[in-house]
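Down below is the structure, laid out as structure tokens.
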Amino acid sequence: MVQKIQKILQDQSGAAMIIVLVFFVIAMAVGASLLVASSTAGGNAANALYEQQAYFSAKSAGQMLQAELAKIVITVTKTTVSAASGSTTTRTVTGNDVSLPFYPMAYDAVTAALEGSSSTYDFTLSGVEDMGDVSVNLTAGRDYLLRGLITTEYQDYSYLLHADFDPVVSSDTQVSATGSTAEGNLVTTTVVTTTIRWSLNAFYPQP
């Protein structure tokens, strides 16, 4: 009788041990999956943060460029003097403030456009808090349109942002004359003054 009881207890103890082991294995599997999920979620959150920081840096650089370009006014003055002997035309390009950091680039871009050429400029923007160094490629077309490609990196992530700056062009024409046709000494002077500014059209990400 005692042996039977011992055998029953041993059988029950073995079964209980198996059940405990099964639950232990299940608990380990669940814990491991939760740990992997937690690590993945943490990695994704960090990656999203890096991408967001790269975007903000590019946007800050674009806004800085926008603010600086908005300060620049380039004036093109074309003067044509016509007389019985023929006509002559002169052209001058001036600006409102040569001390502005992007004035030389704008002046050069307008001068190139007047000659029928486009131009490209590569430079780095730095010194802005929380922005880091940002690379900018700016292309000036023959129609004065400025297209920028802003590239920034944060950790292992980079972000490309396009920025289009539309030209705002206005012109004024003044005509004056001296002498007379009857006397054959009529001289007509035509002055066309064109002012060029730039305004942001849009920011949009690299497709």
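Being a predicted model, the structure only gives us computed values, none of them experimental. Worth knowing before you read on, the calculation uses all heavy atoms, side chains too, and leaves out hydrogens, waters and symmetry mates. If you read the sequence from its start, that first residue is 1, and numbering goes on from there.
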Requested in this report: Using side-chain contact (heavy atoms from CB on, under 4.5 Å) as the criterion, point out the one residue from Leu69, Leu125, Ile150 that pairs with Met64.
Outcome: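 Of Leu69, Leu125, Ile150, side-chain contact (heavy atoms from CB on, under 4.5 Å) with Met64 is met by Leu125 alone.
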Could you check if a side-chain atom of [X] sits within less than 4.5 angstrom of a side-chain atom of [Y], using non-hydrogen atoms only?
X	Y	result
Trp198	Pro167	yes
Ile196	Val168	no
Thr77	Val191	yes

Return all side-chain donor-acceptor pairs below 3.5 angstrom for residues 170-178, not counting sequence neighbours, or 'none' if the list is empty.
unit_1	atom_1	unit_2	atom_2	d
Ser170	OG	Thr195	OG1	2.6
Ser171	OG	Thr194	OG1	3.2
Asp172	OD2	Gln174	NE2	3.1

Query - salt bridge (charged side-chain N to carboxylate O under 4.0 Å, His left out): pairs with one or both residues in residues 68-80, sequence neighbours excluded - result: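 Qualifying pairs, neighbours excluded: Glu68-Lys71.
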Let me have the donor-acceptor pairs involving side chains of residues 135-145, under 3.5 Å, with sequence neighbours excluded, atom names and distances please.
unit_1	atom_1	unit_2	atom_2	d
Asn137	ND2	Asp122	OD1	2.7
Asp143	OD1	Leu145	N	3.2

Query raised in the report: Taking it one step at a time, do Asn201 and Phe165 satisfy side-chain contact (heavy atoms from CB on, under 4.5 Å)?
Result: CA-CA 5 Å; Asn201 180 306; Phe165 300 93; over 6 Å; no
Requested in this report: With rounding to the nearest 0.5 Å, note down the distance linking CZ in Phe123 to CG in Leu65.
Outcome: 5.0 Å
Do any side-chain atoms of residues 97-109 form donor-acceptor pairs under 3.5 angstrom with protein atoms, and if so which ones, sequence neighbours left out?
unit_1	atom_1	unit_2	atom_2	d
Asp97	OD1	Ser99	N	3.0
Asp97	OD1	Ser99	OG	2.5
Asp97	OD2	Ser99	OG	3.4
Tyr103	OH	Gly95	N	3.3
Asp108	OD2	Tyr121	OH	2.5

Query raised in the report: Quick one: side-chain hydrogen bond (donor to acceptor under 3.5 Å, both in side chains) partners of Ser117, sequence neighbours excluded?
Result: none
Query - side chain to side chain donor-acceptor pair (under 3.5 Å) partners of residues 81-94, not counting sequence neighbours, each pair once - result: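 Side chain to side chain donor-acceptor pair (under 3.5 Å) check on residues 81-94 returns Thr80-Thr89.
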